[in-house]
Amino acid sequence: MPHPYDESKPTLVLVNSFTTSSELYQAQYRNKQLTDAMNLIAIELLGHGQTRTKSEQFTYWDTAIMNVQVLEALGIKGKIFVLGTSQGGWITVRMALVAPDKITGIIPLGTSMDYESERTRKLGCWDGYEACTGPINEWTTNDKTTDFEPDQDYCDFLIDIGF
């Protein structure tokens, strides 16, 4: 949070996209008009930025539950809105579903509420099949790969889709 919590203002929870951290929202943190109007809090998805879990596997549902728990632990109540970009948008919906009494509204940005279906790809949404088939085929092997490292193309891909 860029400022101490003020319970007289509504709160906007900011949930970042894949390959990014809460740093994605630094411009919003610096926007005085916005911070005068509402509390801002960025909560990173499990496995992103500095957010960690002891679980080897977790889902978007787990992140949504964790986000609600963070709000409860911080004593944040009143009107709570959740804005999420890309996969962060999926978290906004899940937060509203797991805590409908706490979440006033959601703002999913750049998010398909459908799975990455043929219909959404035809609408111009991200084509995960096309984007990921090459690396998956290249990295699929039955041999041991103890020296495996992602190549530069994959690293550039992660940066390009995240930003």
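Hydrogens, waters and symmetry mates play no part in the numbers below; they use all other heavy atoms, side chains included. Small disclaimer: the values here were computed from a predicted structure and weren't measured.
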From CA spacing to verdict: side chain to side chain contact (heavy atoms under 4.5 Å, CB included), Arg119, Leu123: CA-CA 6 Å; Arg119 182 185 71 78; Leu123 291 170; 3.4 Å; yes
CA sep, side-chain torsions, deciding dist, call: Ile41, Leu74, side chain to side chain contact (heavy atoms under 4.5 Å, CB included): CA-CA 11 Å; Ile41 180 170; Leu74 294 173; 3.5 Å; yes
Worked check of side chain to side chain contact (heavy atoms under 4.5 Å, CB included) between Thr35 and Arg30: CA-CA 8 Å; Thr35 58; Arg30 289 188 302 270; over 6 Å; no
Working for side chain to side chain contact (heavy atoms under 4.5 Å, CB included), residues Asn39 and His3: CA-CA 7 Å; Asn39 299 296; His3 303 289; over 6 Å; no
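Evaluation of the side-chain hydrogen bond (donor to acceptor under 3.5 Å, both in side chains) test over residues 71-86, restricted to residues two or more places apart or in two chains, returns Tyr25-Thr85, Glu72-Lys102.
The shortest non-hydrogen separation linking Asp127 to Glu130 is OD1-N, 3.0 Å. Considering all non-hydrogen atoms of both residues, Pro108 and Thr92 come closest at CB-OG1, 3.8 Å. Nearest heavy atoms, Ser21 versus Asn16: O-CB, 3.5 Å. Here the closest non-hydrogen pair linking Gln28 and Leu40 is O-CD1, 3.4 Å.
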Would you mind writing out the side-chain donor-acceptor pairs for residues 137-148 within the sub-3.5 Å range, not counting sequence neighbours?
| unit_1 | atom_1 | unit_2 | atom_2 | d |
| --- | --- | --- | --- | --- |
| Asn137 | ND2 | Thr133 | O | 3.4 |
| Thr140 | OG1 | Ile136 | O | 2.4 |
| Thr141 | OG1 | Asp143 | N | 3.0 |

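Residues Arg94 and Asn67 are not in side-chain contact: their nearest non-hydrogen atoms beyond the backbone lie 4.5 Å or more apart. Annotation: side chain of Val68 is in contact with side chain of Met95 (closest heavy-atom distance under 4.5 Å). In this structure, the side chains of Phe81 and Ile106 stay at 4.5 Å or more apart for every pair of heavy atoms. Met1 is listed as a side-chain neighbour of Ile76, based on a closest heavy-atom distance under 4.5 Å. With a 4.5 Å cut-off on side-chain heavy atoms, Val13 and Leu83 do not count as touching. You'll find the side chain of Thr11 reaches within 4.5 Å of the side chain of Tyr5, heavy atoms only. Considering only heavy atoms from C-beta on, Ile107 stays 4.5 Å or farther from Val82 through its side chain. Proximity of Cys132 to Phe157: side-chain heavy atoms (C-beta onward) are separated by under 4.5 Å at one or more points.
Distance CD/Gln26 to CG/Asn31: 12.5 Å, rounded to 0.5 Å. If you take CG on Leu46 and OG1 on Thr59, they are separated by 8.5 Å, rounding to the nearest 0.5 Å. The CG atom of Leu12 lies 7.0 Å from the CG atom of Leu34; values are rounded to the nearest 0.5 Å. Once rounded to the nearest 0.5 Å, the distance linking CZ of Arg121 with CD of Glu118 reads 6.0 Å. In this structure, the separation between CG on Asp101 and CD1 on Ile80 is 9.5 Å, given to the nearest 0.5 Å.
Using a 3.5 Å distance cut-off with no hydrogens or angles, the side chains of Ser22 and Glu44 do pair a donor with an acceptor.
Thr120 places a side-chain N or O within donor-acceptor distance of the main-chain N or O of Ser117, the cut-off being under 3.5 Å.
Shown here is Tyr129, whose OH atom has no more than 12 heavy atoms of other residues, nucleotides or ligands within 6.0 Å.
Applying the ring-ring contact (aromatic ring centres under 6.0 Å, His included) test to Tyr60 and every residue at least two apart in sequence or in another chain returns Trp90.
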